[in-house]
Amino acid sequence: MEIRTARDEDWSQIYPFYARTVDEGRTYTLPEGLGMEEARPLWMEGPPWRTVVAVDGDRVVGTAKMGPSLPGRGAGIAGASFMVDPTHRGSGVGRALGEHVIEWCREAGFRGIRFNAVVEANEAAVRLWKSLGFEVIGTVPEAFDHVDLGPVGLHVMYRRL
């Protein structure tokens, strides 16, 4: 598996699992039901953000985006988001993307990485981020309307670099 900077033509492979993941209603606060071109700027952000893809052969199996969590004087801490094609979950794609983002953020000079909205019921993601050195520094109660569980908390997670 290779992780590289996303290209414009990668969006056609990202969008199907992006839409499926968002529309499942279990892990993302992004708006549901967006068409391909409506959703594109929400994931394929331009500088200072960077979007990458995990590629297995010629198939995009996951993606991440990273950049400053806040502008101006808050720009020393990075933010990031991740998605793995559901058919490749559990195969190490998320971990590889997480490790890549940590290293890129360190090399880019960020002091830490903050995740603003990790759904507390997303046990696989919480377990992965903790294994990569992130800690839950707070939870906003009932901040996410989970499709199956109703209102659940959103963790704020942080890793010092």
Side-chain angles (χ1 to χ4, degrees), residues 1-71 75 77-110 113-129 131-132 134 143-149 152 154-157 159 161:
M1 179 176 51
E2 171 193 8
I3 297 176
R4 61 165 171 77
T5 300
R7 303 175 188 136
D8 287 338
E9 59 268 21
D10 293 326
W11 181 242
S12 64
Q13 289 191 56
I14 296 168
Y15 175 74
F17 67 84
Y18 167 97
R20 179 176 170 188
T21 301
V22 171
D23 291 350
E24 284 175 346
R26 294 179 177 89
T27 57
Y28 266 90
T29 61
L30 293 165
E32 297 172 29
L34 296 182
M36 191 168 180
E37 291 311 310
E38 292 172 300
R40 182 187 196 106
L42 297 176
W43 196 262
M44 302 288 281
E45 294 187 53
W49 281 75
R50 177 177 182 245
T51 302
V52 297
V53 289
V55 181
D56 185 8
D58 61 353
R59 184 81 194 136
V60 174
V61 296
T63 182
K65 64 178 187 167
M66 67 220 79
S69 188
L70 296 167
I77 303 298
S81 295
F82 302 81
M83 280 193 195
V84 175
D85 183 327
T87 62
H88 288 82
R89 289 181 187 156
S91 65
V93 175
R95 176 171 296 279
L97 285 166
E99 291 169 349
H100 177 88
V101 167
I102 290 167
E103 188 56 34
W104 184 87
C105 289
R106 181 180 286 122
E107 290 176 4
F110 290 103
I113 304 170
R114 178 181 73 196
F115 299 152
N116 294 325
V118 179
V119 176
E120 70 179 343
N122 187 352
E123 295 172 2
V126 173
R127 188 170 44 254
L128 172 61
W129 303 135
S131 78
L132 289 174
F134 288 83
F144 182 79
D145 189 15
H146 193 283
V147 70
D148 300 317
L149 305 173
V152 298
L154 285 175
H155 289 322
V156 178
M157 299 185 79
R159 185 188 194 283
L161 296 175

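We count residues from 1, following the sequence as given. Not measured: the values here are computed from a predicted model.
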Nearest heavy-atom neighbours spanning Arg95 and Leu132: NH1-CD2, 3.3 Å

Could you grab the distance from atom CD1 of Ile14 to atom CZ of Arg40, nearest 0.5 Å is fine? 8.5 Å

What heavy-atom pair brings Gly33 and Glu38 nearest, and what distance separates the two atoms? O-OE1, 4.5 Å

Does any part of the side chain of Leu42, heavy atoms only, come nearer than 4.5 Å to the side chain of Pro31, both counted from C-beta? yes

Taken to the nearest 0.5 Å, the spacing of Met157 CE from Glu120 CD works out to 11.5 Å

Is there a donor-acceptor pair under 3.5 Å between the side chain of Thr5 and the backbone N or O of Val52? no

Tell me, do Val60 and Glu9 make a side-chain contact under 4.5 Å, heavy atoms counted? no

Working to the nearest 0.5 Å, report the span between CG of Leu154 and NE2 of His146. 11.0 Å

Side-chain contact test, heavy atoms from C-beta onward, threshold under 4.5 Å: evaluate it for Thr87 versus Arg59 and give yes or no. no

Step by step, would you call Phe17 with His88 a side chain to side chain contact (heavy atoms under 4.5 Å, CB included)? CA-CA 10 Å; Phe17 67 84; His88 288 82; over 6 Å; no

Does any N or O in the side chain of Arg159 come within less than 3.5 Å of the main-chain N or O of Phe115, such that one atom is a donor and the other an acceptor? no

Closest non-hydrogen atom pair, Pro68 against Trp49: O-CZ2, 3.4 Å

Separation of Phe82 CZ from Tyr28 OH (nearest 0.5 Å): 8.0 Å

Provide the full list of salt bridge (charged side-chain N to carboxylate O under 4.0 Å, His left out) pairs with a residue in residues 19-32, sequence neighbours left out, each pair given once. Arg20-Glu24, Glu24-Arg89, Arg26-Asp148

Taking only residues at least two apart or on different chains, which pairs with a member in residues 99-109 satisfy side-chain hydrogen bond (donor to acceptor under 3.5 Å, both in side chains)? Arg50-His100, Glu103-Arg106

Residue set satisfying side-chain contact (heavy atoms from CB on, under 4.5 Å) with Ala78, at least two apart, ordered chain then number -> Cys105, Phe110, Ile113

Give the minimum heavy-atom separation between Leu128 and Gly94, together with the two atoms involved. CD2-C, 3.8 Å

What is the distance from atom OG1 of Thr63 to atom CG of Asp85, rounded to the nearest 0.5 Å? 11.5 Å

Within the 4.5 Å heavy-atom criterion, are Phe134 and Ile102 side-chain neighbours or not? yes

Main-chain N/O of Asn122 paired with Thr27 side-chain donor or acceptor, under 3.5 Å: no

Taking the side chain as everything from C-beta on, heavy atoms only, tell me whether Lys65 gets closer than 4.5 Å to Trp43. yes

4.5 Å side-chain heavy-atom contact, Leu30 and Tyr18: yes

Can you check whether Gln13 reaches Val53 side chain to side chain, under 4.5 Å on heavy atoms? no

Looking only at non-hydrogen atoms, find the nearest pair between Met36 and Trp11 and report the distance. O-NE1, 3.0 Å

Between Leu97 and Gly62, which heavy-atom pair has the shortest distance, and what is it? CD1-C, 3.9 Å

